[in-house]
Amino acid sequence: QVHLVESGGGWVQAGGSLRLSCAASGSLFSIGVMGWFRQAPGKQRELVATITTAARTTYADSVKGRFTISRDNAKNTVYLQMNSLKPEDTAVYYCNAYRTVGRTYDNWGQGTQVTVSS
C-alpha cells in the first residue's frame with residue numbers, strides 16, 4: 001500500500017519560503033523514487049523535483065537553485081524546501097512515487113496549495 005499526504009502549503013509573499021512535507025505510509029526505500037509535482041491554474045501538472053533512494057536529486061529548470069528536495073527515511077517523509085518564491089510558483093503541489101521509470105502511481109492525493117503574491 002502507498003498512501004501519501006502533502007502538507008505545509010500556504011500563502012507567502014514573493015521572496016518568501018515554505019517547506020512542504022510528504023508523509024508516506026510505507027518505507028520510502030521500498031517505494032523508490034519520489035517526486036514533487038505542481039499544477040498551476042490552467043496549466044498541466046509538471047514535475048518539480050525528484051529524489052531517489054540513494055538521495056540523488058533532479059530539478060526542473062524553473063526551480064533549480066531555489067528549491068531543495070530531501071528525504072527522511074526514518075520518518076518516511078519527503079520534503080520540498082522552497083526559497084525565493086515567485087508568483088509563478090503558485091500551484092497545488094503534489095507528491096507521488098514512481099512505480100517504474102516515468103510512471104507514477106495513479107492515485108494522486110489532495111495536494112497542498114501554495115500561493116505566492118507579489
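- Under the side-chain contact (heavy atoms from CB on, under 4.5 Å) criterion, Val12 pairs with Leu18, Leu85, Val116, not counting sequence neighbours.
- For Ser117 against Gln13, the heavy-atom pair with the smallest separation is OG-OE1, 2.9 Å.
- Taking 4.5 Å as the limit, some side-chain heavy atom of Arg38 sits within range of a side-chain heavy atom of Val63.
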Next on the checklist: Pair Lys86, Asp89 - check salt bridge (Lys or Arg N to Asp or Glu O under 4.0 Å), show working.
Outcome noted: CA-CA 5 Å; Lys86 305 174 181 179; Asp89 294 319; over 6 Å; no
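- Evaluated for a side-chain contact (heavy atoms from CB on, under 4.5 Å) with Val78, the options Ser21, Cys22, Cys95 yield exactly one hit, Cys22.
- Taking both residues in full, the closest heavy atoms of Ser17 and Gln81 are given as CB-NE2, 4.0 Å, listed atom of the first, atom of the second, then distance.
- Annotation: Gln113, atom CD; neighbour count of heavy atoms from other residues, nucleotides and ligands within 6.0 Å is above 12.
- Taken to the nearest 0.5 Å, the CZ atom of Arg71 stands 11.0 Å off from the OG1 atom of Thr57.
- Atoms CE and OG, on Met34 and Ser70 in that order, are 11.5 Å from each other to the nearest 0.5 Å.
- A centroid separation of less than 6.0 Å is found between the aromatic rings of Trp108 and Phe37.
- Considering every non-hydrogen atom in both Ala60 and Leu47, the closest pair reads CB-O, 3.5 Å.
- Leu80 and Trp11 fall into different hydrophobic clusters, where Ile, Leu, Val, Met, Phe, Trp and Tyr are joined by side-chain heavy atoms under 4.5 Å apart, directly or via other members.
- Between atom CZ of residue Arg19 and atom CE of residue Met82 there is a gap of 11.5 Å, rounded to the nearest 0.5 Å.
- Listed for the Asp72 side chain is no donor-acceptor partner under 3.5 Å among the backbone atoms of Thr77.
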Checklist entry - Is there a side chain to side chain contact (heavy atoms under 4.5 Å, CB included) between Arg99 and Asp106 once you walk through the steps? => result CA-CA 10 Å; Arg99 296 178 293 178; Asp106 294 330; 3.7 Å; yes
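- For the atom pair CG (Leu20) and CZ (Phe67), the distance works out to 8.0 Å, reported to the nearest 0.5 Å.
- When every heavy atom of Trp36 is checked against every heavy atom of Glu6, the shortest pair comes out as CZ3-CG, 4.0 Å.
- Within the 4.5 Å cutoff, the side chain of Thr68 has heavy atoms near those of the Tyr59 side chain.
- For the residue pair Thr50 and Ile69, the shortest heavy atom distance occurs at O-CG2, 3.5 Å.
- Atom NZ in Lys64 sits 8.5 Å away from atom OG1 in Thr58 (nearest 0.5 Å).
- Heavy-atom minimum distance, His3 versus Val5: NE2-CG2, 3.4 Å.
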